[in-house]
Amino acid sequence: MSTAYDLAQLLDGEEEEFGTLWATSGWSIHVGQEPANPNTVITLYDTGGSEPHYSEEWENPNVQIRVRGDTGAGYTTAMDKIQAIKRYLVFGGSVSWDGQKYLCWTMGDVMWIKHDENDRPVFVCNFRLLKE
């Protein structure tokens, strides 16, 4: 199973209301491909990782989370959204989804990437995980 998909489901199912999987409005959560719409999107990508340790039943996947905000004042809203996701995954201790337990660390901090072709701000944060 895709770690990015597991985390996307986790973000959808949380009371913090990060977003909704495949929504057509509001904060929409996607995996592997960022859609053109809606403007406010959280996209998760599986980005490899380091060598798994199957004999000890744990893996070391990496995931990139990309947040795109709306035009105009969307810069601060998108920054707040990705910072909230980072705090939830990293500072909340371990998180669990569908029988999998994850410990998360950032690989660096949140980075502003650009304004896309429609003047929407884009931020990313890369995570290293321990998957038991």
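- The hydrophobic cluster containing Val124 also includes Met111, Ile113, Val122, under a criterion of side-chain heavy atoms closer than 4.5 Å among ILVMFWY residues, counted directly or through chains of members.
- Here the closest heavy-atom approach between residue Leu103 and residue Gly93 is recorded as CD2-C, 4.4 Å.
- When side chains are defined from C-beta on, Phe127 does not count as touching Thr47, because their heavy atoms never get closer than 4.5 Å.
- Residues Val110 and Gln83 are in side-chain contact: their nearest non-hydrogen atoms beyond the backbone lie under 4.5 Å apart.
- Atom-to-atom distance recorded for Tyr88:OH and Cys104:SG is 9.0 Å, nearest 0.5 angstrom.
- Residue pairs meeting the salt bridge (charged side-chain N to carboxylate O under 4.0 Å, His left out) criterion with at least one member in residues 72-93, sequence neighbours excluded: Lys86-Asp109.
- Grouping the Ile, Leu, Val, Met, Phe, Trp and Tyr side chains by contacts below 4.5 angstrom, directly or via other members, places Ile85 apart from Val41.
- Put simply, the side chain of Thr106 reaches to within 4.5 Å of the side chain of Cys125, judged on heavy atoms.
- Tyr45 forms part of no hydrophobic cluster, judged by ILVMFWY side-chain heavy-atom separations under 4.5 Å.
- Residue Ser50 holds its OG atom at 6.5 Å from CG of Asn62, rounded to the nearest 0.5 Å.
- Listed by first and then second residue, the salt bridge (charged side-chain N to carboxylate O under 4.0 Å, His left out) pairs involving residues 28-42 are Glu34-Arg66, Glu34-Arg68 (not counting sequence neighbours).
- Heavy atoms only, all atoms of each residue included: Ile42 and Phe18 are closest at CD1-O, 3.4 Å.
- Minimum heavy-atom separation, Val67 to Ala78: CG1-O, 3.8 Å.
- With sequence neighbours excluded, the residues that form a salt bridge (Lys or Arg N to Asp or Glu O under 4.0 Å) with Glu132 are Lys101.
- Under the side chain to side chain donor-acceptor pair (under 3.5 Å) criterion, Asp116 pairs with Arg120, not counting sequence neighbours.
- The structure places CG of Leu11 at 8.5 Å from CG of Leu21, a figure rounded to the nearest 0.5 Å.
- Applying the side chain to side chain donor-acceptor pair (under 3.5 Å) test to Asp12 and every residue at least two apart in sequence or in another chain returns nothing.
- Two residues are said to be in side-chain contact when any heavy atoms from C-beta on lie closer than 4.5 Å; Leu129 and Trp105 fail this criterion.
- Between Thr24 and Pro38, every side-chain heavy-atom pair lies at or beyond the 4.5 Å cut-off.
- One distance of note links OG1 of Thr71 with CG of Asn118; it measures 8.5 Å at 0.5 Å rounding.
- Here Met107 sits alone; no ILVMFWY side chain lies under 4.5 Å from its own, so it joins no hydrophobic cluster.
- In terms of the side chain to side chain donor-acceptor pair (under 3.5 Å) criterion, Thr43 has no residue partners (sequence neighbours excluded).
- Taking 4.5 Å as the limit, some side-chain heavy atom of Trp27 sits within range of a side-chain heavy atom of Thr77.
- For Tyr102, the side chain to side chain donor-acceptor pair (under 3.5 Å) criterion is met by Asp6, not counting sequence neighbours.
- For Asp46, the side-chain contact (heavy atoms from CB on, under 4.5 Å) test picks out Ser2, Thr3, Ala4, Val63, with sequence neighbours left out.
- Here the CH2-OH distance, from Trp112 to Tyr75, works out to 7.0 Å after rounding to the nearest 0.5 Å.
- With sequence neighbours excluded, the residues that form a ring-ring contact (aromatic ring centres under 6.0 Å, His included) with Trp22 are His30.
- Of the inter-residue distances, the one linking Leu10 atom CG with Ser96 atom OG reads 8.5 Å to the nearest 0.5 angstrom.
- Between Leu89 and Ile65, some side-chain heavy-atom pair lies under the 4.5 Å cut-off.
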